[in-house]
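Let me begin by presenting the structure, written as structure tokens, before commenting on it.
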Amino acid sequence: LDNTHLIPGGASAEIEIVTDAKDNALAIPSRAVLGMGEQRYVFRYIKGRIRKTPVTRGIGNYERSEIVSGISQGDIVVLPGDAAIKDGLRANIEIQPWP
């Protein structure tokens, strides 16, 4: 037996078990989806202001979440940061691509 591929006692690992997948789904970073249960929302940037927008989340994981309603392809979603974000806040943003 080759001991170079054994996990030592006391070691831990993080795994993800994929139970479902979709092609061509609208997905955003999971950290952009706020709220709990059925009360999920994101903040969108619309004409110089931040707008709280209810969304329906589909499948997802720690990194990305499918959005089945509430936003569309091309909408600008604001990632929460250190500053307080609220509906109607006037803002200047920096758009960053997301893979």
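Keep in mind that what you see is a predicted model, and the values were worked out from it rather than measured.
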All N/O donor-acceptor pairs, side-chain side in residues 28-39, below 3.5 Å, sequence neighbours left out:
unit_1, atom_1, unit_2, atom_2, d
S30, OG, N61, O, 2.7
S30, OG, R64, N, 3.2
S30, OG, R64, O, 3.2
S30, OG, S65, N, 3.4
S30, OG, S65, OG, 2.8

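- Through side-chain heavy atoms spaced under 4.5 Å, either directly or across other Ile, Leu, Val, Met, Phe, Trp or Tyr residues, I46 is tied to no other residue.
- I71 contributes atom CD1, which lies 8.0 Å from atom OG1 of T53 (distance to the nearest 0.5 angstrom).
- Qualifying salt bridge (charged side-chain N to carboxylate O under 4.0 Å, His left out) partners for R44, counting only residues two or more places apart in sequence or in other chains: D75.
- For Y45, the ring-ring contact (aromatic ring centres under 6.0 Å, His included) test picks out no residue, with sequence neighbours left out.
- Cluster annotation: L79 and I50 are assigned to distinct hydrophobic clusters (Ile/Leu/Val/Met/Phe/Trp/Tyr, side-chain heavy-atom contacts under 4.5 Å, transitive).
- Transitive grouping of hydrophobic side chains (ILVMFWY, heavy atoms separated by less than 4.5 Å) brings V77 and V55 into a common cluster.
- Atom CD1 of I67 sits about 11.5 Å away from atom OG of S72, to the nearest 0.5 Å.
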Ignoring hydrogens and angles, write down the donor-acceptor pairs under 3.5 Å from the side chains of residues 88-95, residues two or more places apart or on other chains.
unit_1, atom_1, unit_2, atom_2, d
E94, OE2, Q96, NE2, 3.2

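- Evaluation of the ring pair (Phe, Tyr, Trp, His ring centres under 6.0 Å) test over residues 68-91, restricted to residues two or more places apart or in two chains, returns none.
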